[in-house]
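Following: one structure in structure tokens, then a few remarks.
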2 protein chains.
Amino acid sequence: MRVLVVEDERRMAAALQRGLQAEGFAVDLAHDGEQGLHEARHGEYDVVVLDIMLPRLSGYNVCKQLRAEENWVPILMLSAKDGEYDMADGLDLGADDYLTKPFSYVVLVARLRALLRRDSGRRPAVLGAGDLSLDPARRRVLRGETAIELTPREFALLEFLMRRRDEVVSKAEILEHVWDTFDTDPNVVEVYVGYLRRKIDGPFGRNALQTVRGAGYRLAGDGG
Amino acid sequence: MRVLVVEDERRMAAALQRGLQAEGFAVDLAHDGEQGLHEARHGEYDVVVLDIMLPRLSGYNVCKQLRAEENWVPILMLSAKDGEYDMADGLDLGADDYLTKPFSYVVLVARLRALLRRDSGRRPAVLGAGDLSLDPARRRVLRGETAIELTPREFALLEFLMRRRDEVVSKAEILEHVWDTFDTDPNVVEVYVGYLRRKIDGPFGRNALQTVRGAGYRLAGDGG
DNA sequence: CCTCCTCCTGAGACCTCGCTGAGAAGGCTG
DNA sequence: CAGCCTTCTCAGCGAGGTCTCAGGAGGAGG
């Protein structure tokens with residue numbers, strides 16, 4: 001899941017970046033309104049966290065501009081408590097949610113998750129593929145009744161594949177969303193696909209995670 | 001435990017915040033009905049204290065709206081003595097308890113604790129996990145028959161984990177709910193988990209409080 | 001059948017995360 | 001003020017997780 005954080009205050013931006021990355025998000029930063037608008041337009045983000053008080057172009061205007069361009073990426077606005085802007089205005093302009101500073105970090109994460117859930121047509125809380133199931137909130141994976149232990153990286157990879165089950169996803173795409181880089185050796189994806197297979201395919205070789213030569217990987221919707 | 005206080009009168013709001021914080025609650029404020037509704041919807045509160053007389057949207061309507069949305073967070077209503085609304089109306093609308101102003105601060109805390117204890121009537125007064133039990137009201141912890149002495153911080157941590165037993169909770173979440181901060185060094189959580197383990201795992205090493213590397217901690221429902 | 005290329009995998013280096021003991025700081029009690 | 005308790009910080013360590021590398025299997029194309 002890719003998040004764009006538009007925030008001029010460096011310390012706050014860095015703290016958000018670290019925190020969200022720890023939660024498994026891929027985080028990009030923009031430090032003023034113009035840069036933020038540019039990134040939001042061209043990057044493919046699942047959600048944007050947008051401060052209101054920004055140099056060059058206020059978050060208020062960034063939001064207005066994006067909506068005017070028919071860009072409906074979910075936006076969560078941040079405002080200072082005594083801000084000159086009323087938060088209700090923010091919602092009127094097309095923001096999906098707002099938080100007042102100082103806000104709690106866990107609340108931010110919870111609301112981001114809520115936005116992501118809402119946006120994609122009320123995704124079920126638990127992802128499934130055949131008798132394979134993954135619960136992002138509880139961070140749990142089951143094959144039938146038995147739990148499967150995954151490392152953080154393995155979990156992020158499986159979650160990404162399950163969200164796009166039956167689709168072929170390229171290694172570049174996987175690197176971008178799960179590793180948050182694009183110039184890394186794609187071999188690391190192969191290695192982790194290998195790890196995952198050993199864990200999710202169970203004793204008698206299913207084939208949940210298929211290789212599509214020259215194109216990428218596909219997670220079979222029936223779980224193999 | 002997180003509390004949302006919706007109260008427009010600044011002095012009263014500030015007093016409640018200070019007082020409840022001293023009791024170990026994490027307190028957020030909202031100053032009008034709309035803001036309160038918004039916060040209650042999106043924040044993850046364990047209980048909401050809701051004044052009836054509010055600008056923009058009455059507490060009465062906030063409560064009605066929340067219940068209409070299937071949001072069952074425990075609500076304690078506050079009303080002025082001569083209010084136009086009857087408390088019975090409040091309870092009809094789905095509030096869980098009410099207090100008439102002027103109320104005694106001690107009574108307020110007691111009722112909040114009561115609400116948390118029953119958690120809208122679905123949870124027992126005493127939290128349990130195997131032969132581990134914790135009584136929030138009496139501030140007492142037992143492993144089987146033998147009492148365990150905990151410091152306030154240790155107790156708060158264990159209570160939080162027991163309320164969410166079997167779930168994986170991140171260090172950030174723990175910091176948020178038990179320490180009421182989010183940019184603190186997470187090491188303090190590790191240290192306190194260590195303290196707790198030494199006290200609750202007993203002489204021959206159970207494993208009630210499990211580490212989920214890269215994700216957080218889980219309190220096993222069977223007590224280890 | 002041979003060659004090229006993609007993908008798989010075991011080994012191992014490296015680094016991060018979580019645990020722990022030591023102890024400083026602050027508050028409360030006697 | 002001394003002694004005790006609680007909270008929190010810090011630094012070192014060990015285990016576990018991540019990633020790189022190189023060799024090999026096997027499909028695709030000639």
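Letters A, B, ... mirror the listed sequences (proteins, then strands); counts begin at 1.
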request  = Could you check how far OH of B:Tyr192 sits from P of D:dT9, rounded to whole Å?
outcome  = 10 Å
ask   = Within a strict 4.5 Å, meaning less than it, do heavy atoms of the A:Glu190 and A:Lys171 side chains meet?
value = yes
A:Phe160/A:Trp179 aromatic ring centres below 6.0 Å = no
request  = Using a heavy-atom cut-off of under 4.0 Å over every strand shown, decide if B:Asn187 touches base, sugar-phosphate, or nothing.
outcome  = base
inquiry  = Is the phosphate of D:dT7 approached by B:Trp179 (side-chain N or O, under 4.0 Å from OP1 or OP2)?
reply    = no
query = Under 4.0 Å: is that the gap between some side-chain N or O of B:Thr184 and OP1 or OP2 of D:dC8?
reply = no
task = Classify the angle between the aromatic ring planes of B:His42 and B:His38 as parallel (below 30°), tilted (30 to 60°) or perpendicular (above 60°).
result = tilted
ask   = For B:Gln210, does the CD atom have more than 12 heavy-atom neighbours from other residues, nucleotides or ligands under 6.0 Å away?
value = yes
ask   = Any N or O donor-acceptor pair linking the side chain of B:Tyr195 to the base of C:dC19 at under 3.5 Å?
value = no
note = Separation of D:dT6 atom C1' from B:Glu149 atom CD, nearest Å, is 14 Å
Length of the CZ-P vector between A:Arg153 and C:dT16, whole Å = 12 Å
Length of the CG-C1' vector between A:Leu175 and D:dT20, whole Å = 14 Å
ask   = Under 4.0 Å between a side-chain N/O of A:Thr211 and OP1 or OP2 of C:dC8, yes or no?
value = yes
Between C1' of D:dC8 and CG of B:Leu157, the distance in whole Å = 14 Å
task = Provide, to the nearest angstrom, the distance between the CG atom belonging to A:Leu209 and the P atom belonging to C:dT9.
result = 12 Å
request  = Quickly work out the B:Asn207 CG to C:dC19 P distance and round it to whole Å.
outcome  = 11 Å
key: Candidate nucleotides D:dT7, C:dT9, D:dG17, ranked by approach to the side chain of B:Pro152 - the nearest   = D:dT7
task = State whether the distance check finds a donor on one side and an acceptor on the other, under 3.5 Å, for side chain A:Arg213 versus base C:dT6.
result = yes
Close side-chain approach of A:Val48 and A:Val6, heavy atoms under 4.5 Å = yes
remark   = note: B:Asp185, atom CG; C:dT16, atom C1'; distance rounded to Å ~ 14 Å
query = A:Lys171 side chain N/O closer than 4.0 Å to the phosphate oxygens (OP1, OP2) of C:dT6?
reply = no
request  = With heavy atoms under 4.0 Å as the rule, sort B:Val191 into base, sugar-phosphate or nothing.
outcome  = base
key: Presence of B:Arg198 side-chain N/O under 4.0 Å of C:dG21 phosphate oxygens OP1/OP2   = yes
request  = Among C:dG18, D:dC8, D:dT6, find the nucleotide with the atom closest to the side chain of B:Glu190.
outcome  = C:dG18
task = Ignoring hydrogens and angles, answer whether the base of C:dC7 and the side-chain atoms of A:Tyr217 contain a donor-acceptor pair closer than 3.5 Å.
result = no
